[in-house]
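A quick write-up on the structure given underneath.
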Protein chains: 2
Amino acid sequence: MYDKLLDHIRQNVPATSIKKQIIEEYFTPKLFEKKEHFLKQGYICKFAGFVIEGCYRNYILSTEGKEVNTGFGFENWWLGDVSSFVNQTPTLINTQFLEDTTLLTITAKNHLDLLEKSQCFREYTNKLRSTATTASVLKLSGLSESASTRYKVLLEKYPKIQQRISQKQIASFLQITPEALCRLRKSEIP
Amino acid sequence: MYDKLLDHIRQNVPATSIKKQIIEEYFTPKLFEKKEHFLKQGYICKFAGFVIEGCYRNYILSTEGKEVNTGFGFENWWLGDVSSFVNQTPTLINTQFLEDTTLLTITAKNHLDLLEKSQCFREYTNKLRSTATTASVLKLSGLSESASTRYKVLLEKYPKIQQRISQKQIASFLQITPEALCRLRKSEIP
DNA sequence: TAAAATCGTTGACCTACATCAAGACTTTTA
DNA sequence: TAAAAGTCTTGATGTAGGTCAACGATTTTA
């Protein structure tokens with residue numbers, strides 16, 4: 001289990017010197033059931049987590065209280081709201097598991113310690129956070145395309161997403177209704 | 001000029017020990033004219049910049065080549081694509097000045113040096129980047145609201161934006177046509 | 001395992017915003 | 001400072017996707 005995280009660090013910082021023992025010391029495994037929440041609007045993000053197995057969705061609540069998915073995460077992704085985690089301020093993001101999920105979690109305090117202690121973990125964190133920012137911006141711009149284009153792009157990027165995520169959730173992510181997605185599928189994949 | 005950046009650091013990291021001399025050593029002032037680009041898709045972001053005076057827009061190109069604004073920046077904002085800057089990879093973002101603008105710029109190398117050297121600058125950078133990520137996510141979700149709601153929210157957040165940014169640019173940011181924005185204004189502000 | 005809830009699909013109808021066009025006003029350029 | 005280019009506004013018309021409703025299929029719960 002700890003190896004999965006270690007591998008991920010190695011992938012991003014090939015020259016890493018980080019030891020498995022460190023990971024075991026700083027991270028705690030946690031199990032969550034499908035539909036459980038990892039994070040809810042208004043709470044402070046006390047832990048960050050790395051997905052060993054399972055998946056989740058991030059969503060926000062619109063002014064009318066509608067849930068709008070902002071993204072999904074699978075194995076080898078991090079979850080937790082960086083802003084809330086770093087500044088220990090209430091989050092605006094909700095994170096809910098879509099399958100039973102195993103995480104490696106780390107507290108904010110441990111994370112800070114590890115950042116100070118390990119130059120390589122600093123690099124790793126830096127790298128992940130910088131690419132996360134870009135991803136958000138790109139997603140954003142994607143919304144200027146038609147729903148049909150956005151759907152195609154999504155399928156190109158994650159061909160297997162339909163095996164794991166329900167149409168309702170995908171529709172929310174594309175910011176269209178499930179009905180519209182249903183019609184899209186019918187017309188586009190003959 | 002350097003004081004403006006120093007003040008901004010102090011605002012975010014009250015206990016800072018950073019000296020004006022350091023700022024003067026690591027940052028270089030630069031002037032840009034209205035319509036000049038700071039960053040173009042495909043190039044690597046060699047500098048980050050802090051706006052002393054002026055403003056800019058970030059935009060991306062949709063698949064059909066249309067420019068879509070992702071945000072504006074004014075005095076006391078940073079510009080530059082974090083992802084491209086940190087990883088020295090080509091950016092997907094375009095940054096263009098909407099007024100004659102004065103920046104304090106720092107090279108990627110100097111930025112790395114300063115991060116290693118100054119614990120306080122590390123905190124400062126961390127804080128800015130984490131809030132930037134959140135801002136993107138929230139903007140994203142905002143698009144699920146109607147154009148009219150998005151416009152109202154924008155005006156609440158930046159009441160003076162209309163004095164500095166043209167309707168065409170605001171429309172692109174709201175992801176509607178200038179015509180639609182014109183009609184919105186007429187109907188909403190009687 | 002029966003009942004209840006949720007999901008995917010389809011049809012009928014509606015609305016917010018896009019597109020195209022054209023004129024008045026403002027800013028930039030030579 | 002005159003010409004050219006870009007901006008704002010308004011009108012007429014088109015369309016992608018929303019809303020509401022209904023039904024069978026699947027999943028969840030008791």
Side-chain angles (χ1 to χ4, degrees), chain A residues 32-37 54-55 57 59 62-69 72 96-101 141-155 161-190, chain B residues 32-37 54-55 57 59 62-69 72 96-101 141-155 161-190:
Chain A
F32 292 86
E33 288 190 356
K34 186 173 174 173
K35 288 191 183 172
E36 265 191 280
H37 275 84
C55 71
R57 68 179 177 123
Y59 67 92
S62 74
T63 47
E64 310 100 53
K66 216 174 53 182
E67 299 180 356
V68 181
N69 290 345
F72 305 105
Q96 185 190 35
F97 298 102
L98 299 174
E99 298 173 357
D100 294 351
T101 299
S141 64
L143 283 168
S144 69
E145 320 279 350
S146 71
S148 138
T149 307
R150 277 178 277 152
Y151 181 54
K152 272 185 220 148
V153 170
L154 179 69
L155 288 188
I161 200 169
Q162 298 189 82
Q163 268 88 74
R164 284 185 89 171
I165 309 284
S166 72
Q167 294 208 175
K168 189 191 169 189
Q169 299 299 348
I170 293 177
S172 165
F173 178 73
L174 295 172
Q175 305 208 1
I176 56 178
T177 56
E179 292 95 323
L181 179 54
C182 179
R183 286 173 183 128
L184 249 180
R185 285 167 51 94
K186 210 173 51 161
S187 65
E188 309 258 331
I189 315 162
Chain B
F32 292 86
E33 288 190 358
K34 185 172 175 174
K35 288 190 184 173
E36 265 191 278
H37 275 82
C55 72
R57 68 181 178 121
Y59 67 92
S62 74
T63 46
E64 310 101 50
K66 217 174 49 180
E67 299 180 356
V68 182
N69 289 345
F72 305 105
Q96 184 189 36
F97 298 103
L98 299 173
E99 299 173 357
D100 293 351
T101 299
S141 63
L143 282 168
S144 69
E145 321 279 350
S146 70
S148 138
T149 307
R150 278 178 277 150
Y151 181 55
K152 272 185 220 147
V153 170
L154 179 68
L155 288 189
I161 201 170
Q162 299 190 81
Q163 268 87 72
R164 281 185 89 171
I165 309 283
S166 72
Q167 294 206 177
K168 189 190 169 188
Q169 298 299 346
I170 293 176
S172 165
F173 178 74
L174 295 172
Q175 304 208 2
I176 56 177
T177 57
E179 291 94 323
L181 179 53
C182 179
R183 286 175 182 123
L184 249 181
R185 285 167 51 96
K186 208 171 53 160
S187 65
E188 307 260 333
I189 315 162

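If you're wondering where the values come from, they're calculated on a predicted model, not measured in any experiment. By convention in this document, chain letters (A, B, ...) are assigned in the order of the sequence lines, proteins followed by strands, and residues within each chain are numbered from 1.
Protein chain A contacts DNA chain D over a range whose 5' and 3' limits, counting nucleotides with an atom under 4.0 angstrom from a non-hydrogen atom, are D/dG17 to D/dT28.
Sorted by first then second residue, the salt bridge (charged side-chain N to carboxylate O under 4.0 Å, His left out) pairs that include residues 162-172 of chain A, not counting sequence neighbours, are A/E75-A/R164, A/E99-A/R164.
Ring orientation note: the planes of B/Y59 and B/H37 are nearly perpendicular, at an angle over 60° on the 30°/60° scale.
When rounded to the nearest whole Å, the span between OH of B/Y151 and P of C/dA16 equals 18 Å. Across the protein-nucleic acid pair, B/E64 atom CD and C/dA18 atom P stand 13 Å apart, rounded to whole Å.
Taking every heavy atom of both residues into account, A/A147 and A/I176 meet most closely at CB-CG2, 3.7 Å. Taking all atoms of both residues into account, the shortest heavy-atom contact from B/R57 to B/N69 is NH1-OD1, 2.8 Å. Nearest heavy-atom pair, A/F97 versus A/E33, reported as atom, atom and distance to 0.1 Å: CB-O, 4.0 Å.
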B/S/- along nucleotides 4-14 of chain C (protein heavy atoms under 4.0 Å) is ---SSBBBB--
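In this structure, the side chains of A/F173 and A/I165 stay at 4.5 Å or more apart for every pair of heavy atoms. Between B/Q162 and B/L155, some side-chain heavy-atom pair lies under the 4.5 Å cut-off.
Nearest-nucleotide mapping onto DNA chain C: of B/K66 and B/K34, the residue sitting toward the 5' end is B/K66.
With 3.5 Å as the limit, one finds no donor-acceptor pair spanning the side chains of A/R150 and A/Q175.
Judged as a side-chain contact (heavy atoms from CB on, under 4.5 Å), and not counting sequence neighbours, the contacts of B/S148 are B/S146, B/K152, B/L184, B/E188. Listed by chain and residue number, A/S62, B/E145 satisfy the side-chain contact (heavy atoms from CB on, under 4.5 Å) test with A/E64 (two or more places apart in sequence, or in another chain).
Between the axis at the start and the axis at the end of the helix from C/dT1-D/dA30 to C/dA30-D/dT1 there is an angle of 70°, using five pairs per end and rounding to 10 degrees.
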